[in-house]
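Below, each value reflects all heavy atoms present in this structure, side chains not excepted, and no hydrogens, waters or symmetry copies. Bear in mind the structure is a predicted one, so any value in this text is a computation, not a measurement. We count ligands from 1, going down the list as the structure has it; atoms in each ligand are counted the same way.
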Amino acid sequence: MQESLPPRASFVEVNAAALAHNFSVIRKVCQMPLMAVVKANAYGAGVLGASRVFVKQGAIYLGVATLDEALELRTEFKDIPILILGYTPDHMAKTLVEQKITQTIFSLKQAEHFSQVALSLKQKLKVHVKVDTGMSRLGFLPTKENAYEVVKIAKLKGLEVEGIFTHHSNADAMFKNYALEQAIRFLDFLAKLKNLGLEFKYRHMANSAAALSMDNYGLDLARAGLALYGLHPSIYTQDALNKKGFELQHAITLKAQIVSLKTIEAGQLVGYGEGYYCLEPTRVGVLPLGYGDGISKVLGNKAWGLLHGQKVPIIGGVCMDQCFIDVGKIEAQEGDEVILLGDPQSGAMGAGDVSKILGIINYEAITMLTRRLPRIYTHTS
Ligand SMILES: *Cc1c(COP(=O)(O)O)cnc(C)c1O
């Protein structure tokens, strides 16, 4: 038996060498150590597999959105620092402390609670303070009053305030004026805190877009997500990177085997309802994946796969576990592989193409691939 054979005839193939390449390109371009953001199952790449690559490449931190995600990482990565970028309920404080997970903090009240819990366990909880410089999401507004709040947090005996960060809302834009304003607000706030005697080991701001297309402002860390997986936040970040002489490599490919291939007579319907009607005898291939795997129903009759290098339309509605392609005149057999999401340069449907059809963004096009699909890592060396 070949060990590399996936357990299922549909799977996400992840090129580990491409992830490693993207990691090193981002680090080189932004000149900062990286936190690899691996939330939402590493944007669909598979959290443990992707994290293995990034840790090996020298990621100094892993970033996730939720405690559950942090705990999954802790099962394998015992020592690497993990930051939860989002909110964790107060009653989970003990788990944070015990599992040595770093928590984002944006309220004095929660900081006090976490400190107490940590003290009761005779430990310290590492935290990073979040500053809201213009995203209007989580974080202290960078006011003078809030600077004093942060000072109070820093005095709590059960906490180690290891970092401080803010998040860009528009760093992928062509014009960086808003992103620059956010940067200035953050740097001003850091200066205020410094005047009050507070300094931090990790001051961070850049996401992928900022890391690829903006200055690093002398900060200590970049939080890279999307670009690690070979995709650009926008064409402007792509332009910026290419001008610097670098390119991201395609990393995530969705593949499925044709598990059934039949000629369906003219006049027959394909799939549920009246999703597709055969006007002539049609070679219909069945692929064993559907919206339960993240292939939206809306892609039916709109998207395509790549079979032997040629485009084949997805026909009918996508079912929960299966979908259909019209193989046309291509000489195909059961067992042949179809690429449903791949490198657009090969003719495959890219995350950008999927986004256009569905009215979403490329982030979502890969993140929507569900856990049911096995992740197969290649080029692991
Ligand atoms: C998701 C996220 C990132 C990574 O953003 P990308 O655009 O994918 O690089 C960084 N920081 C925070 C706070 C995030 O939520």
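- A 6.0 Å sphere centred on CD of Gln249 holds more than 12 heavy atoms belonging to other residues, nucleotides or ligands.
- Evaluated for a side-chain hydrogen bond (donor to acceptor under 3.5 Å, both in side chains) with His128, the options Gln103, Glu162, Arg203, Lys201 yield exactly one hit, Glu162.
- When the shell of 6.0 Å around CG of Asp79 is examined, it contains 12 or fewer heavy atoms from other residues, nucleotides or ligands.
- A donor-acceptor pair is defined here as one N or O able to donate and one able to accept, closer than 3.5 Å; such a pair exists between the side chain of Ser208 and the backbone of Gly225.
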Check ligand 1 for close polar pairs with the protein: N or O on both sides, less than 3.5 Å.
from: ligand 1; atom 1: 7 (O); to: Tyr363; atom 2: OH; distance (Å): 2.5
from: ligand 1; atom 1: 8 (O); to: Tyr43; atom 2: OH; distance (Å): 2.5
from: ligand 1; atom 1: 8 (O); to: Leu226; atom 2: N; distance (Å): 2.8
from: ligand 1; atom 1: 9 (O); to: Ser208; atom 2: N; distance (Å): 2.8
from: ligand 1; atom 1: 9 (O); to: Ser208; atom 2: OG; distance (Å): 2.5
from: ligand 1; atom 1: 9 (O); to: Gly225; atom 2: N; distance (Å): 2.9
from: ligand 1; atom 1: 11 (N); to: His167; atom 2: ND1; distance (Å): 3.4
from: ligand 1; atom 1: 11 (N); to: Arg223; atom 2: NE; distance (Å): 2.8
from: ligand 1; atom 1: 11 (N); to: Arg223; atom 2: NH2; distance (Å): 3.3
from: ligand 1; atom 1: 15 (O); to: Lys39; atom 2: NZ; distance (Å): 2.7

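- Ring-plane geometry between Phe54 and Phe23 is classed as parallel, the angle between the planes falling under 30 degrees on a 0 to 90 degree scale with a further cut at 60.
- Going from atom CE of Met349 over to atom NZ of Lys302 covers 12.0 Å, rounded to the nearest 0.5 Å.
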